[in-house]
Structure formats: structure tokens, C-alpha cells
Amino acid sequence: MGTPEQIRQVKERRFIEILDCTLRDGEQTSGVSFLPHEKLVIARRLLSEVNVDRIEVASARVSEGEKEAVSMICRYASRIGRLDRVEVLGFVDGKRSVDWIRSCGCQVINLLAKGSLRHCVHQLRKTPKQHIADLRETINYAHDMGLDVNLYLEDWSSGMRDSVDYVYQLLDGLRCEPVHRYMLSDTLGIMNPLQCVEYMRKMVKRYPGYHFDFHGHNDYDLAVSNTLAAVLSGCKGLHVTVNGLGERCGNAPLASVQAILRDHFEARTNICEDKLNDLSHLVEGYSGIAIAPNMPIVGENVFTQVAGVHADGDSKHQLYQNALVPERFGRRREYALGKNSGRANIARNLEELGLELTPEQTRMVTARITELGEKKEIVTQEDLPYIVNDVLRNHVPSDRVRLISYMVSTAYGLKPGANVKVEINGKQFEAGATGDGQYDAFVKAMRHIYKKYIGRTFPILVNYAVSIPPGGRTDALVQTVIAWQFPDRIVRTRGLDADQTEAAIKATFKMLNIFENENI
């Protein structure tokens, strides 16, 4: 990745500027389209909480909805004194992009230039001299209108590989123009880190004192590696997106780049790391693109130890922990329960729940969890008290909420209905309700019982996901994962059954027993 001398220079070099382009390049992910208010919420988080240096929020002249979003973001950024951090991609189209950006209240245009000869000749159908003349005209007009200008070199990586003289001709031709930053794009994601080092060093050597950004794509899964290679070679700014969103395979993920910059190169940024996880999940919800469980930093599994030997090592001096401390990112370390857990994992989870078992009891619970793991069932910490209860039949309270019977129905032209009979703390209650689906009707019946007979508010359902367990087939068991809002935290419970509604009901009763035990 770099010689010791290169790494030493990065460490001495100090500060790396971060541009987040989730709202522009990230929105080019297939199927992703943010509403104006969603763009504003994400922009607020990026500027005020995560504290990125710059955000690229749109492409000029796309739509009226895009113009509304940019205007809203610019008004917000102006109120907090950060309008100079908001940027919009513009084009060499006479005055139109500049006028559009200026009418939104934005002060910075990221002007798109052709960074390779083939793009200049075959897409624009112009000579390099003609393209340079057009760029000068747009740059000077933008400057006259009070805009700061950054210049994107689209397909720069191909240009350096196939037409380096053209790249130099372009920058030489703009040497006297008021361009603040030159943004070098691996538009097609074709580079490897060795090429990135070579090309970036050539640029830095030929144009000392220039501010170069690097914009990488992930087609070969090298966006992060190339981004860091660019830093080692003298790049001063990096382009990232939340969760690696972007066209085709996406861009370099913000969280990964930040962690590597700090831990491996000791480079400084302005990023507030403890806000990254919340931001990632916000963008996950708005984009509809799920975060992979094994995604670094923000994935569900990154701070989860599965092997029992790892939990054992952690209890004996944090032998299996590294610089990626979960609390640094607003998270906590977990010890997974499954066939590979071992007694050390079980003991860790029992300790967090405040449950104390003898070595023999722990062995029995471990055997049951291993058995469940062999069947592919996911076991969570919330499940553990019930597994213990099932295995030992003592030492933990019996279920305080039990399902006596229920019936759900659906018919064409009628709303689905549910009739429920439950036992809560030794007393039986019945209720019926209709809803938008069978499970919705069931939950409404339970809400009625809690409101009318128990006098308490039923926990709010905040997320509902259905999946076939890993390795399952279309006729396999269904796993339902439901997230519930408790007064002080989110509780997730899982149910497993051949029927989706039954699996959801099982998950619901796991939650209700947690709820009741906390309200004794």
C-alpha cells in the first residue's frame, strides 16, 4: 500500500478533507431516489453531527424537485454558517448550470470536465482546445457570478492510462483560471492501488501546490484501497458516500475510509465517529438499500464475536479486540449465540442480563443453543432467558404472558380480522380487531387488551422483517424479526415458524414477556 516513508509523510501531513457525495453520486444507485425533505435531513446530519468538510448534494438542472432540495439545504447551511460547504455538480452548458446553481442559493459549482481524450473526442465531439475554451468560459462566468469553482476530471484514470498528454494539456490550459480544487475521478472503477499511486504522484509532482481530490468507484472492490493510495501519494481531499452508495458497485464508504485514515495513517479529519452508525442507518432507511451484516464499522456483525474462544480471550485481557472499539462508533460489543458459541459466549451474555448459572447449568444451556444453531435458528440475547427457562425450568420466572388461543381470518373484500385470548400475570383476557393484515389485526387486538384491561401502553413496533434462515429453501421455516420501542431502548425479538403470522406472534410474545418482567 505504501512504503514506510510514504506512511510517515502522511502522518506528518496532518489533515485530510472529506467530501460526502451521498446526495449526488449516491443517489445514482439503482432504485434510489431521495425526497427533498430526506435530502435535507441527511444534509443536516452530515454537516451538523458527522461534521464532514463538504457535501455534494445534486446535479444541476435535473428537476424542480431537485431544485427545491438544493434550495432547502442551502438555506439551512446558510443559517448555520456553512454554505461554503455545499456543492452542486454543474456542466459546460453555457450559463445554464451556473444560473441554476446560483438561483438555488448555492456558492460552489463542481464543474464537470472530460478527463480523458476519448471522452472529449467521442462524447463531446470536440478537440481538446475547444473543450478548454468552453471550460474557461464557464469558469469565468461562474467566478463573475460569485461562485467558487472546483473542476471534476471525469474518467481521469483512463486519461492517465491512455492519454496522459491530454490530461496535462487540460490542466496546463486552465493554469491561470480561478479553480479551487481539481477532483480526479476513477469514473469506471478501473484502477488498482499501484496505478493510483503512480498517477497521483505524477499529478502532485507536475502541479505542486494544487489541491487534488480523489473520487473512487468500487467495480473491482478497490475503492477504499485506491482512496488510501491517493492519500499516500499527496491527495488532499477524498470523496465518499454513506454505506458506499453509488453508481454500479458504489463509492468508497465514509465509515471505512474514516477508520482506516485514523488507525493506519494517523491522519486527521473533522469526522465525529460516534455519529456514523446512526447516519448509516438513516440512509439505509431512506435509500431502501440494506447494510450488509458483514459491512465494516456499521454492519450488524462487525462488533459481534461468534467463536467461544474469542469471548474467552476477551475475558482474559481483551485478546481478540483491536482499535475498532465499538463505543467509538456509538455501538457496543456483542457475543453471538449459536453452534460455535461455547460457554464463554454464553457466560458473557448471561452476565449482561444479570443471570447467574452454575457450571452444569451453563453446560446444559450451551448444549441447547448449539442444537438450535445446528438448525440455523438465530439466537439473540433476548432469547436467552427463555432458553434458560426451557432448559432448567427454574431460576428464572415463568412466562408472564401466554397465548391461550387465537384465530385470524381473511376474505376477499373484507378487512382481515383476529380474535385473541391471552393470559397476563395469571388473568385471562379476550379481544377482537380488524387490520390491514392478519398480524396487524392481531396486534390491534393486543393493544386493546393492554389499554382496556391492563392500563398500559403497548410497545410501538418500529421495524418488521421476514426472511428464510440462511441455507433455507422456499418451503423452509420463516424467520420474523421485529423491533420494538421500549421507553429507554430498542428491543428486537425473533420468531421462527413455518407460518409467517405464527412466527410474528411468537416474536411478539417474547417481547411481551420482556416488557412484563420490566414492569413488575
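Heavy atoms only: backbone and side chains are in, while hydrogens, waters and symmetry mates are out.
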Q) Who are the side chain to side chain contact (heavy atoms under 4.5 Å, CB included) partners of Val481, not counting sequence neighbours? A)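 Testing Val481 for side chain to side chain contact (heavy atoms under 4.5 Å, CB included), a comparison that skips the adjacent residues, returns Gln479, Arg494.
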Q: Please list, chain by chain and in numerical order, all residues satisfying side chain to side chain contact (heavy atoms under 4.5 Å, CB included) with Glu154, sequence neighbours excluded.
A: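 Partners of Glu154 under the side chain to side chain contact (heavy atoms under 4.5 Å, CB included) test: Leu112, Lys114, His119, Gln123, Thr187.
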Q.
Given Glu17, which partner from the list Lys236, Arg85, Arg54 fulfils the salt bridge (charged side-chain N to carboxylate O under 4.0 Å, His left out) test?
A.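 Exactly one option meets the salt bridge (charged side-chain N to carboxylate O under 4.0 Å, His left out) with Glu17, and it is Arg54.
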Q: With Arg24 as reference, evaluate Glu87, Glu66, Glu56 under the salt bridge (charged side-chain N to carboxylate O under 4.0 Å, His left out) test and give the passing residue.
A: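 It is Glu56, the one option of Glu87, Glu66, Glu56 that forms the salt bridge (charged side-chain N to carboxylate O under 4.0 Å, His left out) with Arg24.
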Identify the two heavy atoms, one from [X] and one from [Y], that lie closest to each other, and give their separation to 0.1 Å.
X: Gly299; Y: Ile291; value: CA-CG2, 4.0 Å
X: His180; Y: His211; value: O-CB, 3.8 Å
X: Cys106; Y: Val108; value: SG-O, 3.4 Å
X: Leu222; Y: Asn192; value: CD1-CA, 3.9 Å

All salt bridge (charged side-chain N to carboxylate O under 4.0 Å, His left out) counterparts of [X], not counting sequence neighbours:
X: Asp162; answer: none
X: Arg44; answer: none
X: Asp219; answer: Arg248
X: Glu27; answer: Lys39

Residue list, ring pair (Phe, Tyr, Trp, His ring centres under 6.0 Å) with [X], at least two apart or on another chain:
X: Tyr76; answer: none
X: Tyr199; answer: none
X: Tyr464; answer: Tyr439
X: Tyr220; answer: none

Q: Please identify each residue that fulfils side chain to side chain donor-acceptor pair (under 3.5 Å) with Asp53, with sequence neighbours left out.
A: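 With sequence neighbours excluded, Asp53 shows a side chain to side chain donor-acceptor pair (under 3.5 Å) to Asn270, given in chain and number order.
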Q. Within 45° of the six-membered ring axis of Tyr168 and under 6.0 Å from that ring's centre, is NZ or CZ of Arg206 located there?
A.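 Because its charged atom sits under 6.0 Å from the ring centre and within 45° of the axis, Arg206 does stack over Tyr168.
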**Q.** ring-ring contact (aromatic ring centres under 6.0 Å, His included) pairs, two or more places apart, involving residues 226-251
**A.**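 Qualifying pairs: Tyr152-His239, His215-His239.
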Q. Between Asp172 and Arg175, is the closest basic N to carboxylate O distance under 4.0 Å?
A.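 Yes, Arg175 and Asp172 are salt-bridged.
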Q.
Would you say Gln195 and Ser157 are linked by a side-chain donor-acceptor pair, where the criterion is simply a distance under 3.5 Å?
A.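 Gln195 and Ser157 do not have a side-chain donor-acceptor pair below 3.5 Å.
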